[in-house]
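Each chain gets a letter, A, B and so on, in the order the sequences are listed, and its residues count up from 1.
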Number of protein chains: 2
Amino acid sequence: MGRPRRPMLSRDRIVATALTVVDADGLEALSTRRLAAELGVSGPSLYNHVTTMEELLDAVVDTVVGEVDLSMFSDVGRDWRTALRDWARSYRSALAEHPNIVPALAHGMGHRPNSLKIADAVFGGLVDAGWPRAQATRIGALMRYFVTGSALGSFARGFPDDASVYAGRYPHLSEAHLLAEHQREIDDGAFETGLDALLDGLALKFERLVSDVGGTRPR
Amino acid sequence: MGRPRRPMLSRDRIVATALTVVDADGLEALSTRRLAAELGVSGPSLYNHVTTMEELLDAVVDTVVGEVDLSMFSDVGRDWRTALRDWARSYRSALAEHPNIVPALAHGMGHRPNSLKIADAVFGGLVDAGWPRAQATRIGALMRYFVTGSALGSFARGFPDDASVYAGRYPHLSEAHLLAEHQREIDDGAFETGLDALLDGLALKFERLVSDVGGTRPR
DNA sequence: ACCTGAACACCGTTCAAGT
DNA sequence: ACCTGAACACCGTTCAAGT
């Protein structure tokens, strides 16, 4: 057949199609052959636009992460607490829309531009709000731990809904088989109370920090 | 060759060997053929002891999760805050000893006995300490989010150490290439400050809760 | 430059055959 | 019951061949 007059593929189209495959049928359904079929092309063609399956998956994750809202860190009106809260919710929502890619977050964040963009925005926002740089780095990391962990835990299926699993064995879980139905509410509730606790705890730390400097902290 | 006089394999030996393979060469190195070779046996033999590769991986994750210390929840001396702190550290340590399995946490926690044992112990400890059952459920979930998220983020490699990646593009990250060397300290610091913030925030919530009931909460 | 089919070295899993 | 080798339907990736 040979080379077509106009390219049939583009990196962007490949990445976008890969995401729809993952969304529809999960990470393990994503293969070069399946993806190529979806694009109306033969398997090896992909290698003209993408160097490796792993790199492609990184790119897919990056587009998802790119949907996270970061505008709150440049809004002068918002204080760091509400900025952090809004950002965490937006981050979680972005992952919730594509639950199947969450396990892939474990690989290669260093090579994903949008992950760096997030780290940059959060760090900048916190430093502008008066946090010392070392603390701002830690807070960026710890907030990411919480949000990605909630995505990892939330959307994986939870407790078995078969009551007999718990009988005898797990004394405190006698009603856990009911959790399955309420998984959504529980995950949302856990996320929100965790977020509140985290921000309350950080506010406490911030106050201590300000008073240590003698109460003359700017902003 | 046929059936040996004494079985060459056992489920436990398979699971243990699978863990050493994953520890040594990562999740993607774990295959039936590689694992069988490591066990001095042919590939299909595994299927006499294990129904599927996925179930095997669940079992591997469960042995790792089984190393988490839960004794602090039955120690009467310890208050819920320090119990939660000690448990979170032990949980994180267990995962840190086997960083390569962390991505596999995303699958099927419902079928892992030791995950349920953990949920049971945490829930029981919090209820005993005076937390309402609904809150105890949430706290168990949110602590798991934080710990697993820290494992997911920590041990994946972090920021590129090539300064040119950041130049111009990420205004606040001009020194981020230095982070790679300090990854360990930063992860530890972020985990500890996150843990502090979480516990401080929950303590605040607990106080509010106690005073709402009229200050007559037992224990 | 960008597609194709053939080929290579892998997978997980099934199954008949052996003891 | 528990191992074996052969076989099936898959993988990711390379590469020569076509335009």
Side-chain angles (χ1 to χ4, degrees), chain A residues 1-62 100-101 103-104 106-108 111, chain B residues 1-62 100-101 103-104 106-108 111:
Chain A
M1 173 174 277
R3 172 189 180 199
R5 292 137 79 261
R6 269 242 330 178
M8 310 177 67
L9 253 33
S10 71
R11 198 187 142 88
D12 283 354
R13 205 161 83 83
I14 294 173
V15 171
T17 307
L19 181 55
T20 68
V21 170
V22 172
D23 282 345
D25 298 315
L27 264 183
E28 68 288 347
L30 184 66
S31 73
T32 52
R33 283 164 173 89
R34 162 77 188 272
L35 182 53
E38 215 88 26
L39 289 159
V41 109
S42 108
S45 306
L46 302 173
Y47 290 88
N48 287 298
H49 304 270
V50 150
T51 67
T52 192
M53 198 60 185
E54 199 182 329
E55 182 241 22
L56 170 61
L57 199 53
D58 266 8
V60 172
V61 174
D62 203 53
N100 293 338
I101 42 90
H107 299 85
H111 302 266
Chain B
M1 175 174 276
R3 173 189 181 200
R5 292 136 80 262
R6 270 243 328 180
M8 309 177 67
L9 253 32
S10 71
R11 198 187 142 88
D12 283 354
R13 204 161 83 82
I14 294 173
V15 171
T17 306
L19 181 55
T20 68
V21 170
V22 172
D23 282 345
D25 298 314
L27 263 183
E28 69 287 347
L30 185 67
S31 72
T32 52
R33 283 166 173 88
R34 161 78 188 271
L35 181 54
E38 215 87 27
L39 288 159
V41 110
S42 108
S45 307
L46 302 173
Y47 290 88
N48 287 298
H49 305 269
V50 151
T51 66
T52 191
M53 197 60 185
E54 198 182 329
E55 182 240 22
L56 170 60
L57 200 52
D58 267 8
V60 172
V61 175
D62 203 53
N100 293 338
I101 44 89
H107 298 84
H111 301 267

Heavy atoms of B:Met8 and B:Arg13 approach each other most closely as O-NH2, 3.0 Å
Identify the nucleotide, in any strand shown, that forms a Watson-Crick or G-U wobble pair with C:dG5, with both distances under 3.5 Å; if there is none, say none. D:dC15
Letter per nucleotide, 5' to 3', of nucleotides 12-19 of chain C [B base touched, S only sugar-phosphate touched, - untouched; heavy atoms, 4.0 Å]: BBBB--BB
Can you tell me the distance, in whole Å, between the CG atom of A:Leu46 and the P atom of C:dG5? 13 Å
Using a 4.0 Å cut-off on heavy atoms, which residues in residues 6-19 of chain B reach DNA chain D? List them by number, or say none. B:Pro7, B:Met8, B:Leu9
A:Leu46 versus A:Leu56: any side-chain heavy-atom pair under 4.5 Å? no
Look at A:His49 and C:dC3 and indicate whether a side-chain polar atom (N or O) is within less than 4.0 Å of OP1 or OP2. yes
Output the distance between atom CG (A:Asn48) and atom CD1 (A:Ile14), rounded to the nearest 0.5 Å. 8.5 Å
In whole Å, what is the span from the CG atom of A:Leu35 to the P atom of C:dC3? 13 Å
For B:Ala106 versus A:Pro103, what's the shortest heavy-atom pair and its separation? CB-CG, 3.6 Å
Would you mind pulling out the nucleotide paired to D:dC10, Watson-Crick or G-U wobble, both distances under 3.5 Å? none
Shortest non-hydrogen contact between A:Asp58 and A:His107, atoms and distance: OD1-O, 3.6 Å
Heavy atoms of A:Val60 and A:Ala18 approach each other most closely as CG2-CB, 3.7 Å
Determine: side-chain N/O of B:Ser45 to OP1/OP2 of D:dC3, distance under 4.0 Å, yes or no. no
Any sub-3.5 Å donor-acceptor pair from A:Asn100's side-chain atoms to A:Asp23's backbone N or O? yes
Counting only N and O atoms by type, is there a donor-acceptor contact under 3.5 Å from the side chain of A:Ser31 to the main-chain atoms of A:Arg34? yes
